[in-house]
Every structure is written in structure tokens, then in C-alpha cells.
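When a residue number appears, it is its place in the shown sequence, counting from 1.
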Amino acid sequence: MGVAEKIKEIEAEMARTQKNKATEHHLGSLKAKLAKLRAQLLEGESGGSSGPGEGFSVRRYGNARVALVGFPSVGKSTLLSMLTETESQDAAYEFTTLTCIPGVIHYKGTKIQLLDLPGIIEGAAQGRGRGKQVIAVAQSADLILMVLDAGKEKGNRHREILERELYSVGIRLNQRPADIYFKEKPGGGIKFNSTVSLTKLGDEPERVVRTVLKEYKINNCEILFREDATVDQLIDIIQGNRQYIRCLYIYNKIDVTTIEHIDGLSRQDHSLVISCSLELNLDYLLQRMWDELGLVRIYTRRKGSTPSFDDPIVLTAQRGGTSVQSACLHIHKDMIEHFKFANVWGTSTLYSPQRCGLAHVLHDEDVIQISVKTESEQRRDKNFVVKVQELYDKYHEQKKKKKKLKS
């Protein structure tokens with residue numbers, strides 16, 4: 001029996017099993033087995049392929065990456081053409097787009113890369129319709145725009161199918177990792193503890209946890225629950241390879257359905273309605289994308305001069321954080337070693353300018369002026385001699401390598 005058949009067999013058994021306190025232990029064991037088999041299926045298929053596939057390897061560009069995901073013929077290519085200067089082929093038949101087409105959105109002084117991916121179908125996680133290549137690109141995105149047909153959503157449940165396909169490959173939409181401390185150890189057995197009451201793991205939570213750990217052949221570890229988590233969240237922490245990505249559900253073609261249906265769709269969480277043909281609500285879509293990405297623009301200022309508002313430093317919590325330290329690393333990696341203090345103007349300070357350290361968190365459109373240590377101050381540093389010696393050794397190693405290459 002292959003891995004795919006084992007997965008179907010476990011899914012069928014889970015569907016037959018009634019959910020109650022008495023079956024929590026058994027369901028936990030089945031979910032752990034299912035997660036392991038899905039991981040084996042993905043690793044096995046990815047190991048035999050040579051790459052992501054022709055047309056799917058797109059270099060990251062700009063300050064953030066957004067991926068358009070959805071079923072065929074829902075308006076992804078039209079939306080890309082309207083938001084960017086890229087012309088993506090669109091037509092009245094399905095599977096018009098066969099490769100990944102990139103575009104760039106220029107919004108509020110930032111550059112956001114928008115990827116138009118081919119339409120995926122049910123079973124994409126197992127490779128149907130080049131679904132694995134499409135999902136692999138979506139895993140690298142900072143934000144997923146799930147484009148849906150407002151007129152067809154009511155009967156087809158496309159949103160539910162797409163969420164299930166992304167979930168099966170380890171993508172968690174609009175979620176965060178559970179607050180569970182987990183660490184494997186060479187010995188000592190399993191040390192289980194919790195700071196809250198665990199109501200989602202049945203009457204015997206420790207027994208359920210030990211059963212899940214047994215499926216992964218983990219006999220020595222420390223595990224601490226700081227929140228009331230489920231079995232699925234525990235498995236995600238043990239696996240350690242889940243990706244938590246923000247997602248906006250875009251309901252297109254609202255001009256072909258009723259106002260009552262549109263009102264119901266717009267009131268759902270993380271959802272908004274648009275019409276590409278009538279160019280409705282596209283400005284609000286850009287604003288929602290900006291809010292979800294959480295981009296922070298930082299303007300720099302030299303001592304004795306005015307700030308430069310032309311080319312800001314763009315930071316985000318998903319790519320290194322929004323602290324003064326992140327801004328210094330964005331300018332030059334050696335600036336942290338010689339950092340003295342930073343003067344900050346903006347909404348993140350109590351008064352302007354405020355002298356801040358590396359841990360200070362910056363807000364959007366703050367102005368920063370960084371001061372570094374002088375040469376005499378660097379000489380008085382405790383580690384100055386060690387740093388000089390490291391640079392000296394590095395220089396001589398490079399010199400020796402050059403001599404070997406010449407000879």
C-alpha cells in the first residue's frame with residue numbers, strides 16, 4: 001500500500017470516528033500518523049524533482065511579495081494587469097495562465113511584487129494540474145490573495161477547497177504558532193507541564209500528548225503549554241516546518257450577483273469584494289494589502305541636513321523586524337558594532353527628537369539619525385583588540401588564497 005492510499009485510509013477512519021471525550025486519544029494518534037504521511041509524501045515527490053518547474057522560479061524583488069491564488073478563470077490575470085504595468089494574458093476560457101507571471105505595484109513609495117499563479121484545482125497538493133509548483137511559490141509569499149468568483153462561491157465552496165489544499169502542505173492562513181515550548185533532549189523521559197487548563201485535549205491531556213509524541217518516536221523531551229491548544233497545533237509545533245502566512249479573500253465579479261449575497265461575503269473575516277470589469281473597490285484592496293503586509297517606511301537624516309524623503313528604508317515584521325537594529329542592518333551590517341545612539345522623530349517617540357537604542361521599535365514614516373562611535377571611542381572598547389586581530393587574520397587568509405590561485 002502506497003503513502004497516498006494510507007492517507008485516504010486514515011482520513012476515512014477519522015470520518016467514521018465520532019468526536020467525543022472518549023475518542024480524543026484515538027483521534028490524536030490518527031492525526032499524528034496523517035501528518036507524518038503527508039510529510040513523507042511531500043518529501044518523496046520533491047526529492048525526485050529537479051526544481052520548481054519551468055516558469056515558476058521567480059526572483060524575489062521589492063519590499064514584499066504577494067501571490068494570487070485561486071481556481072481557473074476567476075480574474076487573477078485581469079487583477080494583475082489592473083494593479084501593475086504588466087500585461088498578463090486573459091481570456092474567457094480556463095487555464096489561460098500556465099506559468100508564474102510577476103508584476104510590481106508602486107504604492108506609497110514602496111515596491112510590492114505581485115505574482116499571478118496558474119489556477120489550481122482540487123487535489124493540487126498531490127500534484128494535479130501543476131498544483132505542487134504553484135503552492136511552492138505561494139509558500140514564499142508574505143501575503144496570499146485568494147481570488148474567488150462571487151457568483152460561483154455559494155454552491156461550489158471553492159474557498160473551503162483551497163484552504164484544505166494549502167493546509168495539507170503546511171500553510172496556515174491567518175494563524176500564529178501556538179504558545180507551546182517544545183525541546184527534544186538526549187535523556188530524562190517526557191516532562192509535561194502546562195500553565196493553563198487544557199480543555200481541547202480531552203479529559204486526559206497528558207495521555208493524548210504522550211500518544212502523539214510516541215507516533216514521532218520522541219521519548220525524551222520537555223513540553224510546556226502556555227495556551228489551550230489543540231492536537232493539530234501540537235503536531236505543527238513538533239513538525240516545526242509550518243508556514244504562517246496572512247491571507248485576504250478577494251471575491252471578484254460582484255456585478256453578476258445580488259446585493260444581499262455581496263453584503264454577506266463582505267462581512268466575513270479577512271474578506272473584501274471587488275469587480276475588475278467595473279473597477280470597483282480596487283483602491284480599498286490596495287489599502288487592505290498595505291495594512292496586512294505591515295510595511296514601515298523609515299526616512300534617514302544626516303546631521304545638520306534635512307531628511308531624505310525620496311528613497312525610504314522599508315522594514316516589516318516578517319522580514320527582520322521594525323527596530324532600530326533592523327534599520328542599521330538594512331544600511332550596513334557593520335553599523336551595529338559601531339552604533340552609539342539614534343535620534344528618532346515620529347509617532348514612536350514620546351518627544352522629538354528622542355535618543356533611542358537598538359531595541360526601539362519604529363513606526364511608519366519615522367525619521368532616524370544614527371550616530372556611530374568615533375575612532376577614539378572605538379579604541380576604548382573592550383573588544384577592540386580582538387576585532388583588530390580578527391580583521392588582520394581575515395586579511396592574511398584572503399592574501400594566501402590569492403597566492404594559491406595565482407600559482
Side-chain angles (χ1 to χ4, degrees), residues 3 6-7 10-11 13-14 17 19-44 46-47 125 139-140 142 163-164 166-247 294 316-323 325-326 329 336 358-359 361:
V3 178
K6 290 180 180 178
I7 290 174
I10 292 176
E11 287 177 344
E13 186 176 352
M14 289 175 62
T17 306
K19 293 183 180 181
N20 52 53
K21 293 180 180 180
T23 59
E24 285 287 346
H25 173 262
H26 179 60
L27 286 172
S29 175
L30 293 176
K31 288 179 179 180
K33 289 179 181 178
L34 185 62
K36 281 183 65 179
L37 290 172
R38 282 175 175 170
Q40 290 176 13
L41 184 65
L42 293 174
E43 289 172 3
S46 61
Q139 287 177 327
S140 65
D142 301 306
E163 286 177 337
R164 186 169 63 247
L166 295 176
Y167 187 91
S168 64
V169 295
I171 297 178
R172 303 294 179 258
L173 301 178
N174 299 320
Q175 296 182 22
R176 60 169 182 81
D179 194 0
I180 302 174
Y181 171 77
F182 172 74
K183 185 178 180 180
E184 288 193 64
K185 294 205 167 185
I190 298 173
K191 295 181 180 179
F192 170 83
N193 208 341
S194 65
T195 59
V196 295
S197 59
L198 304 178
T199 62
K200 300 177 182 178
L201 295 177
D203 293 336
E204 300 179 12
E206 184 173 356
R207 184 188 174 196
V208 174
V209 171
R210 288 181 178 273
T211 302
V212 173
L213 294 172
K214 185 179 178 182
E215 292 295 333
Y216 286 93
K217 298 180 180 179
I218 298 174
N219 300 315
N220 303 287
C221 70
E222 286 185 7
I223 187 163
L224 172 64
F225 284 78
R226 296 191 181 98
E227 69 169 271
D228 190 10
T230 63
V231 175
D232 295 321
Q233 290 176 315
L234 171 62
I235 293 171
D236 291 343
I237 296 297
I238 294 172
Q239 290 273 37
N241 58 356
R242 304 306 191 219
Q243 291 176 300
Y244 300 85
I245 305 175
R246 294 178 181 271
C247 178
T316 175
Q318 299 175 354
R319 296 192 192 183
T322 59
S323 63
Q325 182 176 354
S326 302
L329 290 172
I336 299 294
L358 291 172
V361 178

Output the distance between atom CG (Asn219) and atom CZ (Arg210), rounded to the nearest 0.5 Å.
-> 10.0 Å

Of all heavy-atom pairs between Ile223 and Val209, which one has the smallest distance, and what is that distance?
-> CD1-CG1, 4.0 Å

Considering non-hydrogen atoms only, spot the tightest contact between Leu173 and Cys247 and give its length.
-> CD2-CB, 3.9 Å

Taking all non-hydrogen atoms of both residues, which atom of Cys221 and which atom of Leu213 are closest, and how far apart?
-> SG-CD1, 3.8 Å

Would a 4.5 Å heavy-atom cut-off, applied to side chains only, mark Ile218 and Phe182 as touching?
-> yes

Interatomic distance, Glu206 atom CD to Thr211 atom OG1 [nearest 0.5 angstrom] | 10.5 Å

Rounding to 0.5 Å, atoms OH (Tyr244) and CZ (Arg176) come to a distance of 9.5 Å

Output the distance between atom OH (Tyr181) and atom CD (Glu222), rounded to the nearest 0.5 Å.
-> 5.0 Å

For Lys191, the side-chain hydrogen bond (donor to acceptor under 3.5 Å, both in side chains) test, sequence neighbours excluded, returns none

Answer whether the closest heavy-atom distance between the side chains of Thr316 and Asp142 falls below 4.5 Å.
-> no

Answer yes or no: is there a side-chain heavy-atom contact under 4.5 Å between Arg246 and Asn174?
-> yes

Quick one: side chains of residues 193-202, donor-acceptor pairs under 3.5 Å with protein atoms, not counting sequence neighbours, listed by atom name and distance.
residue, atom, partner, partner atom, Å
Ser194, OG, Val196, O, 3.2
Thr195, OG1, Phe225, O, 3.3
Thr199, OG1, Asp228, OD2, 2.4

Can you give me every donor-acceptor pair (side chain of residues 230-237, partner residue at least two apart or in another chain, under 3.5 Å) with its distance?
residue, atom, partner, partner atom, Å
Thr230, OG1, Gln233, N, 3.3
Gln233, OE1, Thr230, N, 3.0
Asp236, OD1, Arg172, NH2, 3.0
Asp236, OD1, Arg242, NE, 2.8
Asp236, OD2, Arg172, NE, 3.0

What's the shortest heavy-atom distance between Ile180 and Ala229, and which atoms?
-> CD1-CB, 3.8 Å

So, for Gly320 and Ser326, which heavy atoms are closest and what is the spacing to 0.1 Å?
-> O-OG, 2.7 Å

